[in-house]
Every structure is written in C-alpha cells, then in structure tokens.
Amino acid sequence: MPELPEVETIARGLDAQVRGQHVQRVAVITPSVVRVGDFSSLVGHTFTYVSRRAKLLLLHLDDSRILVFHLKMTGRVWLAGRDQVLPKHTHLVLTLASQDLLLFEDSRRFGFCGIFTQEQLHHWSFFARLGPEPLECSPETLAERLKGRKARIKSLLLDQTVVAGVGNIYADESLFAAGIHPKSTAGNIPYDQLLTLCASLQKVMIEAIRAGGSTISDYRNAYGHSGLFQDQFLVYGKKGDPCPGCGQILETIKVAGRTSTFCSHCQVLY
DNA sequence: GGGATTGTTTAAAT
DNA sequence: GATTTAAACAATCC
C-alpha cells in the first residue's frame, strides 16, 4: 500500500537509476492497466528526472511529457537486470539503453499508468484538486485546512484534496502520536492539538522515508527491496497488542470504511 | 468461495 | 453550493 513515504522512496531510487537513460524498447503487456497515451512513442526518449506528487510517481521525459504511475494497493515500479524473468503480474516493460528493465507490476491491477503532457496533467481533475504536500508546508497551513470542518479527523487526513499523500498507515500512526481519536470531529479538536497532529504527521513521514518506507506485503523500492518502517509501527496493524503508551489493548474500528487501530485510553475523542 | 484488502470516483444525503 | 457519508469499483489472494 504505497503512501507518500513509499512513493517518495521509489522516486528517489528511480531517479538515481534512470536519470539520463534512453528508452530502447517498450512492451505493453496489459493495455487496460497501461491505459493513457501511446507508449510506443517513448522509444528514443530520455528520462530527465523522477519526482513525486501525492502518491503519484512522475517520470519526466526530455520532451516535457511525463510518465505517471499510481500504484494503488499492490503496484510496483522497479529497475531489474536484463536477465530478470518477468514476474507473473507484469504489465509494462521498458528496456533502457543499459539493457536494464523498468518493470511495472500490479497483482490486483488497481494501479495504472499513463503518458501525459504538462497541460493534460494539470487539467486532470484529480491532480488539479490535490491538497498541499505535507512535507512542503507548515503545520499551521495543514491545521488551517482541518480547522472548523465537521467531518471525522481521519476521513479528512485520508482526503487527498485536504492534504496529499496520506493513507491508512500514516493516518493511524500520526493520530496515535498526537493522542487524538480517529472518530473525532475535526472542528471540535483544540487548535493546538491540530498543530500537534500536523507536526506528528510530518515527523512520522520523515521517519518513514528515512527507513525506506513500510513493507506490509507488496511494497518494494526501486531496487526491489523491502522497507523497514513497519518495524517502527506503534499501532497500525497491531490490534490486540498492548498500547506502547499505557499498556491497554489496542482496538480497531471502521472510520470512513477503513480499519483504524487506536488506543481508547490514550486517544481523546473530541 | 466469500471476505478482506485500498484509494478514488460517483451518487446520495444533509 | 458545499460538505459529508456511503456505496461502488478495480482484481486478486487466502
């Protein structure tokens, strides 16, 4: 389940590996997943750099077009050696001049990729409506966007138009760190607590990037390696374990249709 | 073989 | 009209 820290880790690894590389050959294996644009037009073009916006992976081309990936639950983008046997759910293979293979795999096929011009990308409503990058703005900026809202705080954290890149893992971890119950009405949370939450979100994401992201099952970085941040989870996926703060057993509830793990003693319901 | 899994879109409700 | 919530959807794994 790649969220901001995982996609950021992939982007950094890919940038180091494909920057300046020519695309020599393109094989679209699953057209329904590789669905936007003419992929054969990539041949002969060069990647200038790789970046990230929200959970989107952006591979920039020398003609200013952008190869965009959304990995959703189980997508992987990584650079394999020329002798790599193609994994079962490989949907796109780009052969680079080095003969390394840029692979897009996705067992569930919820993810997708496409080629966009700058104009197409910025006119894509999903892209245009994305909220601020949580690591590129202040806690105050984020808190202002949550202040006064009547929705549950966890729903807003997961809403990509409110703040970009947050998924279930980092929502649960930051709510625990801030001592806020996931079902709290955002507008009822004292402003200083909102600030604490936004600072906690930034801190947990920085730590997760430092650890190379979190591997629950599918996530791998651009080198095909697992992340390490799952070993630092305090609550996510730990239902039934004692709370690291008070020892009370961690519980789960559904919020916004998502499983949320929390401590009913340490996390205050506003 | 049914349930669980996720992020996003769409529709419905307020 | 804006905000919020729920349902639908993609497809596979166990």
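Excluded from the calculations below are hydrogen atoms, water molecules and symmetry mates; all remaining heavy atoms, backbone and side chain alike, are included. Here is how names work: the chains are called A, B, and so on, in the same order as the sequence lines, proteins then strands, and each is numbered from 1.
Taking the six-membered ring where tryptophan is involved, the planes of His91(A) and Phe104(A) are perpendicular, since the angle between them exceeds 60° and thus also 30°. Using cut-offs of 30° and 60° for the angle between ring planes, the Tyr49(A) and His60(A) rings count as parallel.
Contacts classified as salt bridge (charged side-chain N to carboxylate O under 4.0 Å, His left out) and involving residues 58-68 of chain A (residues at least two apart or in different chains) are given here: Asp63(A)-Arg65(A). Sequence neighbours left out, the pairs with a member in residues 154-170 of chain A that pass salt bridge (charged side-chain N to carboxylate O under 4.0 Å, His left out) are Lys154(A)-Asp172(A). Screening residues 115-133 of chain A for salt bridge (charged side-chain N to carboxylate O under 4.0 Å, His left out), with sequence neighbours left out, gives Arg52(A)-Glu133(A), Arg53(A)-Glu133(A). Applying the side-chain hydrogen bond (donor to acceptor under 3.5 Å, both in side chains) test to residues at least two apart or on different chains, none of the pairs has a partner in residues 193-202 of chain A.
A straight line from CG of Asp159(A) to C1' of dT9(B) spans 12 Å, rounded to a whole angstrom. Spacing between atom CE of Met73(A) and atom C1' of dT8(B) amounts to 13 Å, rounded to whole angstrom units. Atom NZ of Lys154(A) and atom C1' of dG7(B) are 13 Å apart (whole Å). In this structure, Leu157(A) atom CG and dT6(B) atom C1' are separated by 16 Å, rounded to whole Å.
Under the side chain to side chain donor-acceptor pair (under 3.5 Å) criterion, Lys150(A) pairs with no residue, sequence neighbours left out. Considering only residues two or more places apart in sequence or on other chains, Arg25(A) meets the side chain to side chain donor-acceptor pair (under 3.5 Å) condition with none of them. Scored by the salt bridge (Lys or Arg N to Asp or Glu O under 4.0 Å) test, Glu207(A) finds Arg210(A) as partners (sequence neighbours excluded).
Between Phe127(A) and His122(A), the ring centre distance stays below 6.0 Å.
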Anything under 3.5 Å between a donor and an acceptor, one on a side chain of residues 241-258 of chain A, the other on a protein residue two or more places apart or in another chain? List them.
| unit_1 | atom_1 | unit_2 | atom_2 | d |
| --- | --- | --- | --- | --- |
| Gln248(A) | NE2 | Ser264(A) | OG | 2.6 |
| Glu251(A) | OE2 | Ser264(A) | OG | 2.7 |
| Lys254(A) | NZ | Thr259(A) | OG1 | 3.4 |

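Between its opening and closing five pairs, the helix from dG2(B)-dC14(C) to dT14(B)-dA2(C) changes axis direction by 50°, a value rounded to 10 degrees.
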Set out, line by line, the N/O atom pairs under 3.5 Å between protein and nucleotides 11-14 of chain B.
none

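Close to dT5(B), at under 4.0 Å from its OP1 or OP2, lies a side-chain N or O of Lys254(A). For His70(A), a side-chain nitrogen or oxygen approaches OP1 or OP2 of dT8(B) to under 4.0 Å. The side chain of Gln160(A) contributes an N or O atom lying less than 4.0 Å from OP1 or OP2 of dT8(B).
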Summary of protein contacts for nucleotides 7-14 of chain C, nucleotide by nucleotide, where a base hit scores B, a sugar-phosphate-only hit scores S (4.0 Å, heavy atoms): ---BBBS-
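Within residues 141-151 of chain A, the residues having any heavy atom under 4.0 Å from DNA chain C are, by residue number, Arg149(A), Lys150(A), Ala151(A).
In summary, the side chains of Gln21(A) and Thr46(A) do not present any donor paired with an acceptor at a separation below 3.5 Å, with no hydrogens or angles considered.
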Could you go step by step and tell me if Gln99(A) and Gln24(A) meet the side-chain hydrogen bond (donor to acceptor under 3.5 Å, both in side chains) rule? CA-CA 8 Å; Gln99(A) 300 304 303; Gln24(A) 192 171 89; 2.8 Å; yes
